[in-house]
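All ligand and atom numbering here is 1-based and tracks the order in the structure.
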Amino acid sequence: MFDPLLICIALLTMLAGMGKRRALWKVGRHENVSGSWAVLVPYLLNHAKILKRPPAGVAHLFLFWGFLFFLLIVIFGQFPLLLPPRPAQVVSLVLDLLGVAMLLGTAGFLARRLRPQEVNPPRRVLLPLATLIVILVTGFLAEGARLAILPPTSFWASPIGWSVSLALPQSPFLMQLMIRVHFFAVLFFIATIPFSSMRHLVAAPLNIFYRSLKPRGELLPVSLEHGPLGATTVRDFSWKELLDAEACVSCKRCDENCPAFLSGKPLSPRNVIQKVLRQMEEGSLRAPAPTPLLAETITAEEIWSCTTCMACVEHCPVLINPMEKIVAVRRSQVLTRGEVPAEARPMIRNLEIYGDTQGNGIAYRGDWVFSRDVPILPSGHWAGEVLLWVGCSGAFHPDYQEVARAMAKILTAGQVRFGILGPQELCCGDPARRMGEEALFLDLARKNIDRLQHYHITRIVALCPHCFNTLRNEYPGLGGHFEVVHAVEFILSLLEQKRIALKYALSGKTAIHDPCYLGRVNQIYEPLRRIVRAIPEIECTELGRTREKGFCCGGGGGRMWLHENLGSRINQLRAQEISEAKVERVVTACPYCLTMLQDGVNSLGVQRPPKVSDIVTMVASSIG
Ligand code: SF4
Ligand code: SF4
């Protein structure tokens with residue numbers, strides 16, 4: 001008679017606790033986000049992302065399906081349905097096997113948390129896992145005790161229960177005792193969900209349901225007029241960004257793929273998320289005292305170590321975006337306190353005064369063009385096929401000027417009617433935006449959009465993945481809608497249309513290095529590989545960390561202009577990996593990667609370091 005009352009108390013405790021948790025993330029700003037069952041249901045059912053780390057992923061799969069099946073059994077058990085003997089035995093068998101799988105999965109998670117390298121695993125993680133083990137073990141004991149006092153049944157319907165029954169006495173008391181312990185453990189588990197790591201059972205699916213549908217490469221916009229200017233306290237995050245923190249399961253997949261963390265810098269994306277979570281909780285305890293500043297716990301070293309490579313975003317199994325939290329704190333430091341790292345100030349000043357990162361000035365922006373074959377757009381209407389977006393590196397960096405000239409050669413060979421903006425092109429604004437200088441970004445972006453619209457440009461080929469990402473994903477939010485492709489995509493289309501042909505061989509084992517802003521950020525992996533494979537006699541190979549797992553060169557997110565004096569150098573780690581692959585050449589498609597990897601391989605101290613090439617120059621050499 002008391003059981004229904006106890007069940008109600010457990011459920012109400014759980015609901016009240018979740019209500020309190022909801023109040024925590026609801027202190028965030030309003031954000032219009034629509035949920036999608038079409039995203040959530042397949043995500044949960046196939047577990048594809050979670051299974052990318054096999055042992056933990058498989059354990060989670062067992063627990064998920066086991067939990068679901070047991071829940072269905074409990075729900076259907078409330079109705080007077082009588083299954084025929086054979087289906088009932090099949091259900092019993094499935095329950096038995098799922099119980100074993102769940103027990104193994106839970107034991108695996110518990111063992112992982114108790115490894116010596118896990119410093120002080122928190123009680124809120126250990127307690128629910130221990131409770132789950134009690135639930136599963138007492139479930140088997142209750143079943144074994146039941147079978148021990150019943151007439152013999154077939155083994156196959158309940159192999160584990162049957163085996164356990166052999167070791168138990170015929171004792172109705174023992175059976176009742178196990179059932180009660182099992183029942184109370186289940187109630188305890190349900191009631192403590194909001195107060196333990198198991199609240200991810202609610203928060204994680206909710207976070208996936210409300211996952212952001214904007215392009216991955218687009219940073220959340222800032223309103224300079226209405227604020228907030230980045231995130232100074234957790235209240236400056238939107239409720240969805242705070243739900244992100246609530247959903248974190250501390251699995252460390254973000255850390256395991258973060259170049260800053262792996263190179264020994266004081267940045268752990270997991271810690272950033274956990275700090276946001278703790279501040280959310282502390283903020284509610286402190287109320288009505290002011291919410292603590294994020295800068296009290298998230299240090300400048302942490303936020304400026306990020307290369308915005310999005311490895312954390314790619315690998316998070318519950319779709320959390322630690323990178324955007326880091327950029328939000330950067331924005332707050334830059335926009336409210338003017339705290340840009342000293343070594344990046346000259347670059348920012350160059351952007352403000354000259355409109356390019358090198359500070360050469362727009363008058364010289366077309367100087368890389370040696371040939372009259374590259375038309376610089378005149379004023380007025382332009383009826384060309386594509387605009388070549390050269391970028392600051394292509395316009396001014398000696399190595400990348402070569403790449404820009406090679407691209408012009410390829411376009412000319414393919415008889416593409418193209419042009420460049422020359423002195424009318426400004427920096428796309430990517431370094432400013434990623435360094436938190438939103439006002440500067442908006443200024444550059446709006447001027448560029450005005451000029452592109454003035455010439456009625458509709459199609460743009462961008463040389464640099466950072467320009468490509470900004471033009472394709474961030475300009476539409478400011479009214480700049482253009483069809484933007486990266487150079488590798490355009491070159492591949494020229495090859496497929498047979499407008500150019502790769503004739504001359506380039507021998508040698510060649511490894512691919514995926515630029516983060518092409519690969520992880522915009523999911524463009526294949527064109528680079530297909531072009532390399534199309535070059536005669538070349539042997540294309542992959543590095544250990546490739547595609548989604550590709551290791552950053554260390555130059556994104558404004559890091560190109562910052563000193564790297566904490567931990568080891570990211571470009572040197574990547575260069576070491578390239579050297580261990582025993583390749584003659586590594587090919588990439590980004591000016592930052594080209595510079596950083598060249599520096600990296602030069603520092604290897606070997607006699608013949610691997611050559612670092614841009615795919616565009618290789619194609620230009622091969623077309624002859
Ligand atoms: S974006 Fe890259 S560098 Fe920044 S925290 Fe994530 S993984 Fe680390
Ligand atoms: S942010 Fe995502 S990947 Fe990182 S620890 Fe949390 S859940 Fe795991």
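Among P322, C251, C316, the residue whose heavy atom lies nearest to atom 8 (Fe) of ligand 2 is C251.
Ring geometry for F468 versus H486: interplanar angle over 60°, hence perpendicular rather than tilted (30 to 60°).
When each atom of ligand 2 is checked for a heavy atom of S250 under 4.0 Å away, the hits are 5 (S), 6 (Fe). Heavy-atom contacts of C254 reach the following atoms of ligand 2: 1 (S), 3 (S), 4 (Fe), 5 (S) (cutoff under 4.0 Å). Residue-ligand proximity, R270 to ligand 2, at heavy-atom distances under 4.0 Å covers atoms 5 (S). In summary, the atoms of ligand 2 found under 4.0 Å from a heavy atom of P317, numbered by their order in the structure, are 3 (S).
Surrounding NZ of K214 are more than 12 heavy atoms belonging to other residues, nucleotides or ligands, all under 6.0 Å away.
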Let's go through H315 and K52 carefully: what are the C-alpha distance in whole Å and the side-chain angles of both, what is the deciding distance for side chain to side chain contact (heavy atoms under 4.5 Å, CB included) to 0.1 Å, and is it a yes or a no?
CA-CA 9 Å; H315 294 282; K52 283 198 171 156; 5.8 Å; no
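Cation-pi geometry between R574 and F551 is not met: the NZ or CZ atom fails to fall both under 6.0 Å from the ring centre and inside 45° of the normal.
In this structure, the protein non-hydrogen atom closest to atom 7 (S) of ligand 2 is V249 N, 3.4 Å. Protein heavy atom nearest atom 6 (Fe) of ligand 2, with residue, atom name and distance: C248 SG, 2.3 Å.
Inter-residue side-chain proximity for W389 and C428 is flagged as met; some heavy-atom pair is nearer than 4.5 Å.
No side-chain donor from either of N350 and D356 sits under 3.5 Å from a side-chain acceptor of the other. Between the side chains of N522 and N469, at least one donor-acceptor pair of N or O atoms lies under 3.5 Å. When only modelled atom types and interatomic distance are considered, Y517 and D430 share no side-chain donor-acceptor pair under 3.5 Å.
Within the sub-2.8 Å shell of atom 2 (Fe) of ligand 1, the protein contributes these N/O/S atoms: C309 SG.
Using a 4.0 Å cut-off between heavy atoms, A247 makes no contact with ligand 2 at all. Residue contacts with ligand 1, taken as heavy atom pairs separated by less than 4.0 Å, do not involve V272 at all.
The closest approach between K252 and ligand 2 falls below 4.0 Å for a heavy atom of the residue.
Annotation: side chain to side chain donor-acceptor pair (under 3.5 Å) contacts involving residues 40-49, sequence neighbours excluded, comprise H47-H60.
Of the options K275, R270, R330, K265, a salt bridge (Lys or Arg N to Asp or Glu O under 4.0 Å) to E302 is made by K275 and by none of the others. Screening R253, R216, K549, R520 for a salt bridge (Lys or Arg N to Asp or Glu O under 4.0 Å) involving E314 leaves a single residue, R216.
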